[in-house]
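Just below is one structure, and these are the notes that go with it.
Starting from 1, each residue takes its place in the sequence as its number. Quick caveat, the model's predicted, so the values are computed rather than measured.
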Amino acid sequence: MEGALFQASLFLAAAVIAVPIAARLGLGSVLGYLAAGILIGPVLGLLGGHESVELQHYAEFGVVMMLFLIGLELEPRALWDMRHRLLGLGGLQIAITTFVIMAGAVLFVQGWSVGLAIGLVFALSSTAIVLQTLSEKGLMQTGGGRSAFSVLLSQDIAVIPMLAFIPLLAMPKPPELVLAETLERLNDDGHSSESGAHEAAISLVQSLPGWGVTLLTIGIVGAIVLFGVYLIRPVFRFIHSARLPEMFTALALLIVVGIAFLMTLVGLSPALGAFLAGVVLANSEFRHELESDIAPFKGLFLGLFFITVGAGINFNILASQTFQVLGLALAVIVIKGGILYGLGRGFGLRGRDLWLFTLSLAQAGEFGFVLLAFSGQQNAIPPDLIELLLLVIAITMLITPLLFILYDYLSRRMEDGAAPVADDEIDDQGPVIIAGIGRFGQIVNRLVRSSGYKTVVLDHNLTTIQRMRRFGVKGFLGDPTRPELLHAAGLKDARVLVAALDDADATTRLVAFARRERPDLHIVARARDRTHVFQLYNAGASDIVRELFDSSLRAGRYVLENIGLSEFEAAEIERTFYHHDRHSVQELAALWDPTIPTIDNKPYIRRAKELESDLQTMLLSQLEESARIAEDGKDEA
């Protein structure tokens with residue numbers, strides 16, 4: 001118990017220290033976890049190699065749970081809709097990478113079968129690192145992010161046929177190796193206290209011929225699908241009838257852990273079994289319950305997985321074969337990167353999307369560990385190569401966060417070095433100038449134009465202007481904060497200016513300039529938050545609209561309507577809240593000081609508390625009055 005508590009404290013302390021530092025430096029959490037593993041493992045020696053291997057078995061549950069959650073998000077119909085990208089982009093990446101690396105391996109290793117097994121191992125990328133980093137950086141919905149996800153999904157699915165195919169590449173074991181393994185097994189049987197049934201099952205699988213293991217793999221996959229379709233849903237309904245929320249968590253963990261155990265029992269990948277189970281349950285009415293129950297465990301174990309990868313790096317081999325290991329790792333990244341770059345261009349990716357797609361997938365992945373271990377069991381790769389290749393995979397995964405940093409650098413360079421697009425020559429004027437035609441400005445523009453009034457639209461985003469022109473809305477490209485552009489748009493004679501830019505500072509500058517030029521102009525300004533409201537108030541805006549204020553009021557009114565208030569009562573409370581908030585903002589604007597942090601502005605804090613108390617008193621009085629009127633109405637009836 002003491003040892004387990006020490007290890008748990010060690011891992012948590014390393015993560016709590018290293019991960020926030022890495023995140024603050026812009027390196028991402030994955031590199032922080034890897035650095036924490038290197039620190040407590042090879043550097044400080046607080047974690048031995050044997051302990052690291054044991055912990056990695058637990059840490060792999062992070063990958064298992066992540067694949068289960070990915071499967072829950074992908075209905076079979078969604079997989080079918082993605083078939084062209086999965087089979088095209090993903091399938092080509094796997095096939096080309098496998099055979100290119102196989103050709104390189106054959107130059108150094110005797111036998112095409114060994115080269116093919118190595119090619120399959122390095123054709124895969126790290127689902128755990130890439131998806132975690134893409135999510136952190138908000139890149140999942142970009143073209144490059146979606147393409148990377150498609151390839152990762154193709155690779156995860158391809159692991160199943162790879163596991164079925166690798167036994168066919170097995171080489172006959174030398175007699176002396178068979179004798180050594182037999183003696184080792186007998187020795188372990190004499191001293192081990194593990195379950196004999198588990199060892200017997202593994203021995204039975206290892207004794208099967210290659211085609212037997214292939215058939216067993218297919219059978220296990222089919223059993224998981226049938227189990228998910230015909231048994232898991234009825235069990236969930238049974239648990240639901242008990243009305244014990246903790247049992248949902250227990251059942252969710254049982255599904256993942258149970259499938260992982262069954263897959264490892266026969267020497268297959270537990271992550272792929274969990275992924276299949278997730279896909280099968282994607283249409284289930286309990287899908288969201290499963291996601292919420294598994295997600296916290298996934299994050300914890302996934303962080304542990306990254307730490308064990310860092311702790312498992314064998315610096316002795318790295319020190320003795322430095323150039324060979326680093327050379328192989330860089331060769332894998334360069335080969336895969338070149339293939340990905342070519343495929344990305346072929347499938348229409350350009351610019352940042354192309355570089356994101358190329359650099360994010362250039363590493364080897366965690367399933368490479370699984371395939372190498374399985375290849376060793378099946379004697380498809382010589383044992384003396386296994387440890388070297390494991391180290392190469394770990395090094396490429398360690399380099400991956402640096403590749404994302406390289407992508408950030410290239411992305412900024414492409415943005416800064418892009419050829420500037422010339423501003424449009426404004427040949428039109430109108431009573432209303434709308435500066436910024438994003439989501440906010442579009443609605444304002446539609447409403448005003450539909451009411452029969454002419455608008456002049458300005459925006460600095462070429463894509464946005466081009467999109468609006470496709471819908472028949474005329475707009476002019478240029479920076480709305482530039483004085484000459486505003487004057488060309490008719491600032492001198494305009495009646496209303498709508499400042500709806502996405503950039504809060506730019507909006508404030510625009511309002512301040514327009515107020516200096518036209519003291520009589522009515523300015524409607526978009527504000528990001530209350531602090532921005534105060535800035536715009538000081539700059540001279542006439543009407544200030546917070547981005548989410550009105551929509552939040554509507555949402556609050558809907559809540560009140562569905563917890564017992566009538567539509568009239570909810571609408572009256574919404575109206576009262578609205579007017580009180582406008583009055584409060586005007587009062588607080590006079591107390592707000594941009595040179596003092598709001599939390600340290602005591603007069604501001606004191607008045608804000610008083611106004612909030614006044615609001616509560618006002619709304620409660622209004623509800624009591626409504627209740628009294630309703631009661632009087634009942635008495636008269």
Item checked: side-chain contact (heavy atoms from CB on, under 4.5 Å) evaluation trace for F404 with L359 -> CA-CA 7 Å; F404 274 101; L359 295 174; over 6 Å; no
Using modelled atom types only, decide if a donor and an acceptor are shared between the side chain of [X] and the backbone of [Y] within a distance under 3.5 Å.
X: T97; Y: I94; result: no
X: S375; Y: L371; result: yes
X: R345; Y: R350; result: no
X: Q155; Y: S125; result: yes
X: Q93; Y: L124; result: no

Working to the nearest 0.5 Å, report the span between [atom1] of [X] and [atom2] of [Y].
X: L131; Y: L152; atom1: CG; atom2: CG; value: 5.5 Å
X: I393; Y: L328; atom1: CD1; atom2: CG; value: 11.5 Å
X: I395; Y: L390; atom1: CD1; atom2: CG; value: 12.0 Å

Is the shortest side-chain heavy-atom distance between [X] and [Y] below 4.5 Å?
X: I333; Y: L403; value: yes
X: R352; Y: T142; value: no
X: I339; Y: I335; value: yes
X: L134; Y: F149; value: no
X: I129; Y: M397; value: yes
X: I101; Y: V121; value: no

What are the two closest heavy atoms between [X] and [Y], and how far apart are they?
X: W355; Y: Y341; value: CZ2-CE1, 4.0 Å
X: S147; Y: L89; value: CB-CD2, 3.9 Å
X: F357; Y: A148; value: CD1-N, 3.7 Å
X: I386; Y: L372; value: CD1-O, 3.6 Å
X: A380; Y: V114; value: O-CG2, 3.7 Å
X: T358; Y: L340; value: O-CD1, 3.5 Å

Next item on the list: Could you verify whether a donor N or O on one side chain and an acceptor N or O on the other, from T396 and K336, lie under 3.5 Å apart?
Entry: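 The criterion, which ignores hydrogens and geometry beyond distance, is not satisfied for K336 and T396.
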Note to self: Between L343 and V151, is the side-chain contact (heavy atoms from CB on, under 4.5 Å) condition met? List the steps.
What the structure shows: CA-CA 11 Å; L343 287 174; V151 171; over 6 Å; no
Notebook entry, point to check: Considering residues, nucleotides and ligands other than E387, do more than 12 of their heavy atoms fall under 6.0 Å from its CD?
Noted result: no
